[in-house]
Amino acid sequence: PKRRDEPIINKYMYNQILVAGLYITALCILFLKLPAIQEMYDYGTGNGYFMTAFFAMFIFAGVFNSFNARTTRLNLLAHIWRNKGFMAIMLFVTTVQMLIIYFGGSIFRTTGLTFGELQFVLLLSFTVIPVDFIRKIIVGTSWRGNAI
């Protein structure tokens, strides 16, 4: 419960939003601009394949960041099954994303990625978790008022 005069978004949340937003923005820019990544996704033959990988990375970064945002704890999986709705939504978003990547075709202008390419996208997306882990350690418990 919160006091009636307490803001919906507190300093801790602003910090999390700012750090995650800046990191995901930088990750997206690097993905779009680094020649090594462009070559990996065959950018020279058209950008549909490359943009599918970018789209997947962006969505999965959001999915992984949802796990960061759901708790102030370092253990992201603490009490995870108490919120079955959260788990259902994350499973739904992931399933829809995979369907769009592999079966979206001309409707969504997507091209299926190979297993290795999808792994790379997931690995890049997953990096939002250790970045927020470091943020949580630096910020500490002083902004949250509860234990890690």
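Here, residue 1 is the first one in the sequence, and each next residue gets the next number.
- For the pair R73/H79, a side-chain contact is recorded, criterion being any heavy-atom separation below 4.5 Å from C-beta on.
- Residues F92 and M98 fall within the same hydrophobic cluster, defined by Ile, Leu, Val, Met, Phe, Trp and Tyr side chains chained together at heavy-atom separations under 4.5 Å.
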(request) Would you sort out whether M87 and K84 count as a side-chain contact (heavy atoms from CB on, under 4.5 Å), showing the intermediate values? (result) CA-CA 5 Å; M87 292 303 292; K84 291 179 181 23; 5.6 Å; no
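- Between F86 and F67, the ring center distance clears the sub-6.0 Å criterion.
- Atom CG of N15 sits about 13.0 Å away from atom CD1 of I9, to the nearest 0.5 Å.
- Transitive grouping of hydrophobic side chains (ILVMFWY, heavy atoms separated by less than 4.5 Å) brings Y49 and I107 into a common cluster.
- Cation-pi geometry between R135 and Y12 is met: the NZ or CZ atom falls under 6.0 Å from the ring centre, inside 45° of the normal.
- Between N68 and F133 the shortest side-chain heavy-atom distance does not fall below 4.5 Å.
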(message) For E117 and T114: C-alpha separation, side-chain torsions, deciding distance, then whether side chain to side chain donor-acceptor pair (under 3.5 Å) applies.
(response) CA-CA 5 Å; E117 292 163 340; T114 67; 3.1 Å; yes
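- Counting heavy-atom neighbours within 6.0 Å of F54 CZ, excluding the residue itself, gives a total above 12.
- The shortest non-hydrogen separation linking K136 to T71 is NZ-O, 3.0 Å.
- Scanning all heavy atoms of the two residues, the minimum distance from N65 to A20 falls at OD1-CB, 3.6 Å.
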(request) Given side chain to side chain donor-acceptor pair (under 3.5 Å), test Q38 with N47 step by step and report yes or no. (result) CA-CA 9 Å; Q38 292 176 356; N47 68 352; over 6 Å; no
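- From F108, atom CZ reaches atom CD1 of I100 across 4.5 Å, with rounding to the nearest 0.5 Å.
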(message) Please determine whether side-chain contact (heavy atoms from CB on, under 4.5 Å) holds for the pair F58 and Q97, giving the CA-CA distance in whole Å, both sets of side-chain angles, and the decisive distance to 0.1 Å.
(response) CA-CA 11 Å; F58 181 75; Q97 178 63 21; over 6 Å; no
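- For the atom pair CG (L34) and CE (M40), the distance works out to 10.0 Å, reported to the nearest 0.5 Å.
- Using a 4.5 Å heavy-atom cutoff, the side chains of D132 and Q16 are in contact.
- Minimum interatomic distance between A56 and S125 (heavy atoms only, all atoms of both residues): O-OG, 4.3 Å.
- The backbone N or O of C28 sits nowhere less than 3.5 Å from a side-chain atom of K33 that would complete a donor-acceptor pair.
- When the options T127, V131, L22 are evaluated for a side chain to side chain contact (heavy atoms under 4.5 Å, CB included) with L27, the one that passes is T127.
- Side chains of F64 and M90 form no contact here, defined as non-hydrogen atoms less than 4.5 Å apart.
- Linking ILVMFWY side-chain heavy atoms closer than 4.5 Å, directly or via other members, places I101 and F115 in two distinct hydrophobic clusters.
- Inter-residue side-chain proximity for M57 and I24 is flagged as unmet; no heavy-atom pair is nearer than 4.5 Å.
- Once rounded to the nearest 0.5 Å, the distance linking CD1 of I8 with CD of E6 reads 10.0 Å.
- Hydrophobic clustering, with ILVMFWY side chains joined whenever heavy atoms are under 4.5 angstrom apart, groups L118 together with F103.
- For the atom pair T94 OG1 and L99 CG, the distance stands at 11.0 Å (nearest 0.5 Å).
- With hydrophobic clusters built from ILVMFWY side chains whose heavy atoms lie under 4.5 angstrom apart, Y23 shares a cluster with F126.
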(request) Assess whether side chain to side chain donor-acceptor pair (under 3.5 Å) is satisfied between Y102 and T110, documenting all intermediate values. (result) CA-CA 7 Å; Y102 290 102; T110 58; over 6 Å; no
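- Between F50 and F55, the distance separating the two ring centers is not shorter than 6.0 angstrom.
- Side chains of Y41 and I37 form a contact here, defined as non-hydrogen atoms less than 4.5 Å apart.
- Of the possible donor and acceptor atoms, one in the side chain of R70 sits under 3.5 Å from a partner among the backbone N and O of L76.
- Taking CD1 of I29 as the reference point, atom CG of L32 lies at 8.0 Å (rounded to 0.5 Å).
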